[in-house]
Amino acid sequence: MSNSPCVLLGMSGGTDSSVAAILLQEAGYQVIGITFRFYEINSSVSYLEEARTLCETLGIPHLTYDARDLFREQIIQYFTEEYMAGRTPVPCTLCNNYLKWPLLTQVADEQGISHIATGHYVQKEVVEGHHYITCGADPDKDQSFFLWGLPQEILQRMILPLGTLTKTRVRAIAEERGFIQTARKKDSLGVCFCPMDYRSFLRRELGAEAFQPGRFVTEEGQFIAHHEGYPFYTVGQRRGLGIHLNRPVFVKEIRPERNEVILSSLQSTECMEFKLKDWRAIDAKELLACTNLAVKIRYRKQLNHCTVRISTEGFLQVILREPLTAVAPGQAAAFYSGHRVLGGGIIV
RNA sequence: UGUCCCAUGGUGUAAUGGUAGCACAACAGGUUUUGGUUCUGUUUGACCAGGUUCGAGUCCUGGUGGGACAA
């Protein structure tokens with residue numbers, strides 16, 4: 001018993017991490033559950049109770065870790081700052097790569113636990129000594145897009161019990177084991193700290209006076225109408241602009257310094273290349289030389305063939321084979337070779 | 001002042017005299033560990049008054065309101 005391997009499992013209280021706990025235990029691991037307190041809507045801690053109850057039922061230890069201050073500093077502040085800078089943030093990517101997984105690793109170290117796990121729908125692969133995230137088996141749930149920034153130290157310790165399963169199968173497993181309520185929980189939706197419209201969140205966080213009405217303009221700079229303030233719009237947005245031009249128009253660009261939002265046709269938002277900052281690669285040489293490289297700039301969206309090179313300023317320049325529309329600064333790009341995640345970065 | 005053209009949802013537009021349709025917008029829902037995209041659905045309409053007709057958005061007369069040309 002004492003020589004069976006230990007794993008620290010991040011548990012949100014939801015279906016996925018609960019089934020991960022069940023599966024790890026059945027696979028013979030000594031599981032320790034940990035629930036991070038990141039953000040609590042209306043001070044509700046029911047998720048903590050649910051995780052703890054499950055651990056009790058399974059007979060495994062359960063820890064909690066209050067990361068609310070860290071989360072506010074690293075994720076929420078970033079989130080509002082990005083919008084105020086006229087960009088579109090990717091809180092889930094940042095949280096996974098810079099907060100959730102590193103914290104899990106840190107606690108595992110403190111507890112002397114070798115392995116770490118979550119209920120992510122992703123798999124792993126080792127190629128030439130490098131550990132890679134690969135796509136989850138369920139194409140509808142694959143979350144590899146969010147995990148392009150993890151370092152080797154974390155990747156090599158990860159165990160991903162849901163990677164080979166579909167969501168349907170995961171629910172079935174919970175039900176088969178008698179965890180009916182767990183099985184039937186709704187999927188979480190949207191940003192964990194902002195289930196409502198992000199605009200209301202910005203107003204609540206920064207105060208209504210932080211936003212000034214500005215101008216919608218054409219690509220030529222011609223005035224179209226007034227808007228409520230540039231942070232309330234995002235590149236590629238079509239609906240909710242509050243204007244009707246008898247043709248569909250999309251947000252092409254946001255100019256915070258002039259409080260202007262440029263509108264155009266969808267076609268006019270197409271581009272053939274863009275640059276990434278804060279980019280990471282498992283193996284930079286492989287990334288630069290990859291002949292079947294593809295990039296994804298949106299979760300659950302199609303891959304686009306591309307090549308990359310390092311620009312003189314140190315950015316990673318992505319050259320597309322087919323154009324992409326509405327590439328939004330602040331959003332993430334993840335690189336794939338087949339099902340393998342080679343790296344990624346933040347669009348500038 | 002004369003002649004001609006036009007009038008259909010919030011906006012722009014269709015329909016040999018026969019169920020008023022489409023696009024854009026708005027709203028609601030679905031999908032979703034980011035924003036956005038997208039999908040489905042819903043609401044809203046004949047300038048006014050007469051006439052012809054089994055039946056008028058459509059044809060006729062008058063009015064009202066726009067636009068163009070002429071002076």
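Letters A, B, ... mirror the listed sequences (proteins, then strands); counts begin at 1. Computed from a prediction, not measured in an experiment: that's the story for all the values here.
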S.K.: Could you label the plane-to-plane angle of the F71(A) and F38(A) rings as parallel, tilted or perpendicular, counting under 30° as parallel and over 60° as perpendicular?
M.R.: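 If you compare the ring of F71(A) with that of F38(A), the planes turn out tilted.
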
S.K.: Hey, does the side-chain of Q237(A) have a donor or acceptor N/O within less than 3.5 Å of a partner on the base of U37(B)?
M.R.: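 For Q237(A), whose side chain was compared with the base of U37(B), there is no donor-acceptor pair (under 3.5 Å).
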
S.K.: With pairs taken as Watson-Crick or G-U wobble and both distances under 3.5 angstrom, which stems of at least three consecutive pairs involve RNA chain B?
M.R.: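 Consecutive-pair runs (3 or more) involving RNA chain B: B:1-7 with B:64-70, B:10-13 with B:21-24, B:26-29 with B:39-42, B:47-51 with B:59-63.
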
S.K.: Report the nucleotide, chosen from G35(B), U32(B), C24(B), that has the shortest atom-to-atom distance to any side-chain atom of Y198(A).
M.R.: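 Minimum distance to the Y198(A) side chain belongs to G35(B).
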
S.K.: Side chain of Y83(A) only, please: which of C24(B), G35(B), U34(B) is the nearest?
M.R.: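 Looking only at heavy atoms from C-beta outward on Y83(A), the closest nucleotide is G35(B).
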
S.K.: Could you tell me if R203(A) sits above the aromatic ring of F232(A), with its cationic atom closer than 6.0 Å to the ring centre and no more than 45 degrees from the axis?
M.R.: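 Yes - R203(A) lies over the ring of F232(A), closer than 6.0 Å to its centre and within 45° of its axis.
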
S.K.: With C1' as the reference atom in both, quote the distance from G62(B) to U52(B) in angstrom, rounded to an integer.
M.R.: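 That atom pair is separated by 15 Å.
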
S.K.: Of the listed nucleotides (C24(B), U34(B), G35(B)), which one gets closest to any side-chain atom of F145(A)?
M.R.: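 Taking heavy atoms from C-beta onward, the closest nucleotide is U34(B).
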
S.K.: Using the P atom on both, measure C60(B) against C6(B) and round to a whole Å.
M.R.: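 To the nearest whole Å, 10 Å.
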
S.K.: Is the gap between the ring centers of F146(A) and Y299(A) under 6.0 Å?
M.R.: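 That pair passes the under 6.0 Å test.
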
S.K.: Could you measure between the two C1' atoms, the one in G9(B) and the one in A25(B), and give it in whole Å?
M.R.: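 Looking at atom C1' only, G9(B) and A25(B) are 11 Å apart.
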
S.K.: For the P atoms, the ones on C24(B) and on U34(B), what distance do you get once it is rounded to whole angstrom?
M.R.: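 To the nearest whole Å, 26 Å.
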
S.K.: Hey, are E26(A) and R177(A) close enough for a salt bridge, meaning a charged N less than 4.0 Å from a carboxylate O?
M.R.: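 Here E26(A) pairs with R177(A) in a salt bridge, since their nearest N and O are under 4.0 Å apart.
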
S.K.: Kindly point out which of U32(B), G35(B), G36(B) is positioned nearest to the side chain of Y299(A)?
M.R.: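 Ranking U32(B), G35(B), G36(B) by closest atom to the Y299(A) side chain puts U32(B) first.
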
S.K.: Between E273(A) and R309(A), is there a side-chain N and carboxylate O pair less than 4.0 Å apart?
M.R.: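 Not counted as a salt bridge, because no side-chain N and carboxylate O are separated by less than 4.0 Å.
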
S.K.: Find which nucleotide of RNA chain B each of V249(A) and F146(A) is nearest to by heavy atoms, and output the residue with the more 5' nucleotide.
M.R.: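 Mapping each residue to its closest nucleotide by heavy atoms, the 5'-most match is V249(A).
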
S.K.: Identify which nucleotide among A26(B), G10(B), G36(B) has an atom closest to any side-chain atom of R239(A), counting heavy atoms from C-beta outward.
M.R.: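 The answer is A26(B), which lies nearest to the side chain.
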
S.K.: Output yes when at least one side-chain N/O atom of R87(A) is less than 4.0 Å from OP1 or OP2 of G35(B), else no.
M.R.: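 No.
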
S.K.: I'd like the P distance from G21(B) over to G57(B), given in whole Å.
M.R.: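 Taking atom P in both G57(B) and G21(B), they lie 13 Å apart.
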
S.K.: Salt bridge check: are E176(A) and R169(A) linked by an N-O gap of less than 4.0 Å?
M.R.: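 Here E176(A) pairs with R169(A) in a salt bridge, since their nearest N and O are under 4.0 Å apart.
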
S.K.: Taking only the side-chain heavy atoms of V191(A) (C-beta and beyond), determine which of U34(B), U37(B), C24(B) contains the nearest atom.
M.R.: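 The closest nucleotide is U34(B).
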
S.K.: With a 4.5 Å heavy-atom cut-off, do L58(A) and V31(A) have their side chains touching?
M.R.: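 A side-chain contact under 4.5 Å is absent here.
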
S.K.: Could you tell me how far U8(B) sits from G65(B) if I compare only their C1' atoms? Round to whole Å.
M.R.: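 Going atom to atom, C1' in each nucleotide, I get 16 Å.
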
S.K.: Which of these nucleotides, C24(B), G35(B), U31(B), is closest to any side-chain atom of R300(A)?
M.R.: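 Taking heavy atoms from C-beta onward, the closest nucleotide is U31(B).
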
S.K.: Could you check how far CG of D142(A) sits from P of U32(B), rounded to whole Å?
M.R.: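 So the CG-P distance, D142(A) to U32(B), works out to 13 Å.
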
S.K.: With respect to the side chain of H244(A), which nucleotide from U32(B), G10(B), G35(B) is positioned closest?
M.R.: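 Side chain of H244(A) sits closest to G10(B).
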
S.K.: Could you work out which one of G12(B), U34(B), G36(B) sits closest to the side chain of R199(A)?
M.R.: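 Nearest nucleotide to the side chain: G36(B).
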
S.K.: Quick one: is U32(B) close enough that its OP1 or OP2 comes under 4.0 Å of any side-chain N or O from R298(A)?
M.R.: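 No, no such contact exists.
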
S.K.: Hey, mind stepping through V170(A) and D138(A) against side chain to side chain contact (heavy atoms under 4.5 Å, CB included) and telling me if it holds?
M.R.: CA-CA 11 Å; V170(A) 166; D138(A) 185 340; over 6 Å; no

S.K.: Determine the Euclidean distance between corresponding P atoms of U61(B) and U38(B); express it in Å to zero decimal places.
M.R.: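 Approximately 48 Å lies between the P atom of U38(B) and that of U61(B).
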
